Amino acid sequence: MLLTILGGCGAWPAAGQACSGYLVEHDGFRLLVDPGYATVPRLLERITADQVDAVFISHGHPDHCADLNPLLRARALRDDPPAPLPVYSLPSALDAVLALDRPGMLTDAYVLHEFNAGDQIAIGPFRAQTRLLPHSVPNAGIRLTAGERVLTYTGDTGPSPDVVDLARDADLLLAEATFVDQVPQGSRRHLSSARQAGRQAKEADTRRLLLTHLQPGTDATAARAAAGAEYDGEIGIATSGLTIDLS
């Protein structure tokens, strides 16, 4: 299993960066997870739009799904459009982004597969276990298994024992860490800190932790140190262009 980070900014893309976006590959199958703001240009530096085999979106906030629109345009607005792209999301999560263009313009470019959080789904060679994690809108965390490798991704979430369950013995936990240490009072149910991500990685006994969704301007060194105060495994920061081979 190969993970490529297209972007890791939370909320909006910092200069020269992109929001959440991850390309996961196994046995030639390419799964795009959370095409947030500015991720498609980085995706297209690596593969063509028609080489994406499926898309999984954790929730409907635009920093996680806005670039689904240009991806579908890149597939639809050509003389030889590829087969419709399978897109997996929670019910109604993509209503806004799919309504950006005139009715019918992109209809043939995708097939929407809506699932309920808690469902197990098959996406190409991946077995996906989903779980509803606490956020300001419904958010599906995911545990992706292919071969003997496991990648867990939280989407955006407040602290939850369900994160630990999804990440149990995973090869990598890709965890939202919007804040370094203290989460503002109004966001404590819906977002997490690097320290909390480290604590959950330790509880889950994951092999590696990758912090993502850092608010632009966050000190990455401080975020890594906060996570390291709780977890003694390998810790990284999700930055555009980073590739991790989970084999």
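From a predicted model like this one, the values you see are computed outputs, not experimental measurements.
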So CZ of R73 and CG of D101: to nearest 0.5 Å the spacing works out to 4.0 Å

Going by distance alone, is a donor N or O of one side chain under 3.5 Å from an acceptor N or O of the other, for T218 and Q215?
no

Quick one: pull up OG in S89 and NE2 in H64 and give me the separation to the nearest 0.5 Å.
14.0 Å

Are H26 and L144 side-chain neighbours, meaning at least one heavy-atom pair lies under 4.5 Å?
no

Are the side chains of R188 and Q196 in contact, using a 4.5 Å heavy-atom criterion?
no

Pairwise side-chain contact, V163 with L166, heavy-atom cut-off 4.5 Å (strictly under):
no

Hydrophobic cluster of L211, others only, ordered by chain and residue number, side-chain cut-off 4.5 Å
L173, L209, L214, Y231, I235, I237

Any side-chain heavy-atom pair from H113 and I121 closer than 4.5 angstrom?
no

Would you find a donor on one side and an acceptor on the other, under 3.5 Å apart, between the side chain of R75 and the backbone of A83?
yes

Between M1 and D245 the two heavy atoms that sit nearest each other are O-OD1, 3.6 Å

Residues that, via side-chain heavy atoms closer than 4.5 angstrom, fall in one hydrophobic cluster with M105
L6, L23, L32, V40, L43, L44, I47, V52, V55, I57, L68, L71, L72, L77, L85, V87, L94, V97, L98, L100, L106, Y110, L112

Could you list the residues that satisfy salt bridge (charged side-chain N to carboxylate O under 4.0 Å, His left out) with R42, not counting sequence neighbours?
none

Ignoring hydrogens and angles, tell me if any N or O in the side chain of D67 forms a donor-acceptor pair with the backbone of P41 under 3.5 Å.
no

In terms of heavy-atom contacts, Y88 and A122 come closest through OH-O, 3.9 Å

Distance-only side-chain donor-acceptor flag, D156 / H61, under 3.5 Å
no

